[in-house]
Amino acid sequence: MTTPPPPYGDQPHPYGGPPGFGPPPPPSAFASQAPQGVPEGPEFMAVDRHNSIVVDSVGVAFEDHGHSAEFPWHEIRSVHYKDGPGGKTLMMGVIHLDGRFYECVVDAKSRDTLGQWFARLAPVLGYYRPLA
């Protein structure tokens, strides 16, 4: 008679992590361009329940319902933003060097919050993308 295997939770995971998780993804080139933990310049972040926009020394990053896209500054042709219908939505678009357009929309809790985002976003974009 053989002994039954130990319960699933007691077995070591082949990758060293919790069950259901694979090996960690390789570090991306985007993440390795700036040292971790110390910002090199101003940052902007707008977040709602599903989406986020981050602008920092590395570039622009969007997250839309769990899907992320990162754009290093050297790959960005231009960045545009405006308020959306109703005056409580930040709409940002990134135009890649090859002409592709990416957009992310983040809902503000109020018009005041959106106004604060615009006030913080303009100088951050101006810092990284000054007008020639």
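In this structure, the separation between CZ on Phe62 and CZ on Phe71 is 5.5 Å, given to the nearest 0.5 Å. Taken from CG in Leu125 to OH in Tyr81, the straight-line distance is 6.0 Å, to the nearest 0.5 Å. Here CZ of Arg111 is found 14.5 Å from CD of Gln116. Values are rounded to the nearest 0.5 Å. The NZ atom of Lys82 lies 10.0 Å from the CZ atom of Phe118; values are rounded to the nearest 0.5 Å. The distance from atom NZ of Lys109 to atom CG of Asp48, rounded to the nearest 0.5 Å, is 10.0 Å. Rounding to the nearest 0.5 Å places CD1 of Ile53 at 4.0 Å from CG of Leu90.
No side-chain heavy atom of Val124 sits less than 4.5 Å from a side-chain heavy atom of Glu43.
Distance alone, capped at 3.5 Å, places no donor-acceptor pair between the Asp56 side chain and the Phe44 backbone.
Summarising the geometry of Leu97 relative to His74, their closest heavy-atom pair is CD1-O, 3.1 Å, with the distance given to 0.1 Å. Across Ser57 and Gly41, no two heavy atoms sit closer than the pair CB-N, 4.3 Å. In terms of heavy-atom proximity, Arg129 sits nearest to Arg77 at NH2-O, 2.7 Å.
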Check against side chain to side chain contact (heavy atoms under 4.5 Å, CB included), His50 and Asp64: CA-CA 6 Å; His50 303 288; Asp64 187 347; 5.7 Å; no
Stepwise side chain to side chain contact (heavy atoms under 4.5 Å, CB included) check, Met92 with Val60: CA-CA 10 Å; Met92 180 178 280; Val60 177; 4.1 Å; yes
Criterion side chain to side chain contact (heavy atoms under 4.5 Å, CB included) on Met91 and Asp83, from CA distance to verdict: CA-CA 6 Å; Met91 301 173 72; Asp83 60 334; over 6 Å; no
Stepwise side chain to side chain contact (heavy atoms under 4.5 Å, CB included) test for Ile95 and Ile76: CA-CA 6 Å; Ile95 299 177; Ile76 296 174; over 6 Å; no
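Relative orientation of the Tyr128 and Trp73 rings is parallel, given thresholds of 30° and 60° on the angle between their planes.
Other residues, nucleotides and ligands place no more than 12 heavy atoms under 6.0 Å from the NE2 atom of His67.
Under the side-chain contact (heavy atoms from CB on, under 4.5 Å) criterion, Met45 pairs with Val47, Val54, not counting sequence neighbours.
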Got a list of side-chain donor-acceptor pairs under 3.5 Å for residues 100-107, not counting sequence neighbours?
unit_1	atom_1	unit_2	atom_2	d
Arg100	NE	Asp98	OD1	3.0
Arg100	NE	Asp98	OD2	2.7
Arg100	NE	Tyr102	OH	3.4
Arg100	NH1	Tyr102	OH	3.0
Arg100	NH2	Asp98	OD2	2.8
Asp107	OD1	Thr89	OG1	3.2

